[in-house]
Amino acid sequence: MFDTKMLAADDASISEAVRLLKSGEVVGMPTETVYGLGANALDENAVRKIFAAKGRPADNPLIVHISSFDMIKPLVSYIPQLAYKCAQEFWAGPLTMIMPKSDIIPEVTSGGLDTVGIRMPSHKAARAIIDRCGFPIAAPSANLSGSPSPTTAGHVFNDMNGRIPAIVDGGFSAVGVESTVISFEDDAIRILRPGFISAEELKEITPNVIIDKGVIAKLEQGAIARSPGMKYKHYAPKADITIIDGSLDAFRAYVKKHSDSDTVCMVFEPNDCDGLDVKSIIYGETDEKQAHLLFDTLRELDNIGAKKVFARCPRKSGVGLAVYNRLLRAAAFQVVTLK
Ligand code: TXA
Ligand code: MG
């Protein structure tokens with residue numbers, strides 16, 4: 001086995017990353033949401049290496065990343081009016097837009113679908129890499145399929161050492177959860193995956209914003225997912241997580257009654273567990289902090305060997321909806337609702 005090289009996000013390292021990408025290799029790269037596993041989106045063989053490194057099912061399509069709006073035109077067969085508006089308002093940034101694909105997007109990249117998700121990241125190193133490659137970069141989150149998305153280069157190294165040649169270290173991902181994924185229907189925007197760009201913000205573009213059922217409900221057996229990622233198990237730490245939906249007092253009463261020496265609580269603030277005889281781990285008191293820390297917290301639960309976790313429930317609106325959507329999957333949809 002070889003060791004994956006860690007590159008600083010300086011000019012020389014970006015040149016090295018670009019050299020690798022141009023030669024058809026896969027590189028771990030920072031973005032403002034989470035780290036990505038990048039490869040030339042138009043090169044089938046390079047894209048296959050991404051699927052192999054992650055152990056990702058072949059029918060789960062990859063997001064294609066660009067560094068300027070002009071790069072979009074050859075990739076899609078049609079750009080809806082609403083997409084222009086969203087790009088103007090939210091790009092570069094954590095928004096992925098699904099559009100009908102053109103023929104130059106290989107089937108491996110689109111997971112066999114006739115659409116493609118496009119995103120222009122705002123992270124400086126990501127932009128520089130795409131810019132200097134001159135081709136669009138396909139990049140899923142840089143975790144092994146099924147584990148929490150990586151928000152540091154160290155997380156990527158833990159999952160990908162020996163599987164990819166290099167990782168560019170661009171620091172802790174600012175947002176911490178993956179991009180908002182949307183599709184367009186006539187004059188409506190459908191949210192397939194919530195993210196830092198919230199439903200409330202998208203409503204400034206059009207009042208017709210639909211939150212797909214799959215965002216907070218478990219997909220029924222046999223149902224067709226509008227976004228293939230919805231049907232796969234995600235973000236699963238080894239611990240058994242239960243989300244406790246209720247006031248702080250109700251949470252504390254529940255923990256007191258149901259905890260044992262193995263219990264770890266995932267809470268908003270240091271004093272949430274005062275007076276309770278349990279370990280606790282803090283993931284922040286605002287939506288934004290929770291988004292920033294969620295995946296790091298899930299990995300930390302594994303590091304400390306947590307077995308049983310009670311988590312305080314994020315808000316179900318704004319950026320909180322993105323946190324709730326990820327935590328629900330980490331908890332395999334186990335929620336206890338208290339008055
Ligand atoms: O923030 C992000 O989006 C990160 C960074 C690296 O850019 N990328 C990311 O990629 O989260 P990934 O592959 O882990 O998640 C992409 C999600 C999957 O659930 C996939 O099914 C969905 O987007 N998706 C991609 N293309 C799609 C398409 N054409 N139609 C429907 N869903 C699509
Ligand atoms: Mg992912």
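Remember, it's 1-based here, ligands and their atoms both numbered in the order they're listed.
Inspection of the environment of the Mg ion (ligand 2) yields the following protein N, O or S atoms under 2.8 Å: S141 OG.
A donor and an acceptor atom, one from each side chain of S68 and D70, are nowhere located under 3.5 Å apart.
Taking the six-membered ring for Trp, Y283 and H292 have ring centres at least 6.0 Å apart. Side-chain rings of F251 and F310 stay apart, their centers remaining 6.0 Å or farther from each other.
No donor-acceptor pair closer than 3.5 Å links the side chain of Q88 to the backbone N or O of K85. In this structure, the side chain of N325 does not engage the main chain of P194 through any donor-acceptor pair within 3.5 Å.
For the pair R48 and E44, the salt-bridge criterion is met [side-chain N within less than 4.0 Å of a carboxylate O].
Other members of the cluster containing F157 are M6, V26, Y35, L37, V47, I50, F51, L62, V108, L144, V156, M160, I164, I167, with ILVMFWY side chains joined at under 4.5 Å, either directly or via other members.
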Ligand 1 N/O to protein N/O, distances under 3.5 Å:
unit_1, atom_1, unit_2, atom_2, d
ligand 1, 1 (O), T33, OG1, 2.7
ligand 1, 1 (O), S179, N, 2.7
ligand 1, 1 (O), S179, OG, 3.4
ligand 1, 3 (O), S179, N, 3.4
ligand 1, 3 (O), S179, OG, 2.5
ligand 1, 3 (O), R193, NH2, 2.9
ligand 1, 7 (O), H65, NE2, 2.6
ligand 1, 7 (O), R119, NE, 3.1
ligand 1, 7 (O), R119, NH2, 3.2
ligand 1, 10 (O), S141, N, 3.4
ligand 1, 11 (O), R193, NH1, 3.1
ligand 1, 11 (O), R193, NH2, 3.3
ligand 1, 13 (O), R56, NH1, 3.2
ligand 1, 13 (O), R56, NH2, 2.8
ligand 1, 14 (O), S141, N, 3.1
ligand 1, 14 (O), S141, OG, 2.9
ligand 1, 15 (O), R193, NH1, 3.0
ligand 1, 21 (O), N60, OD1, 2.6
ligand 1, 21 (O), S227, OG, 3.4
ligand 1, 21 (O), G229, N, 2.7
ligand 1, 29 (N), T115, OG1, 3.0
ligand 1, 32 (N), S227, OG, 2.9

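Judged as a salt bridge (charged side-chain N to carboxylate O under 4.0 Å, His left out), and not counting sequence neighbours, the contacts of E285 are K289.
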Derivation and outcome, salt bridge (Lys or Arg N to Asp or Glu O under 4.0 Å), residues E16 and R19: CA-CA 5 Å; E16 170 68 359; R19 187 192 64 75; 3.1 Å; yes
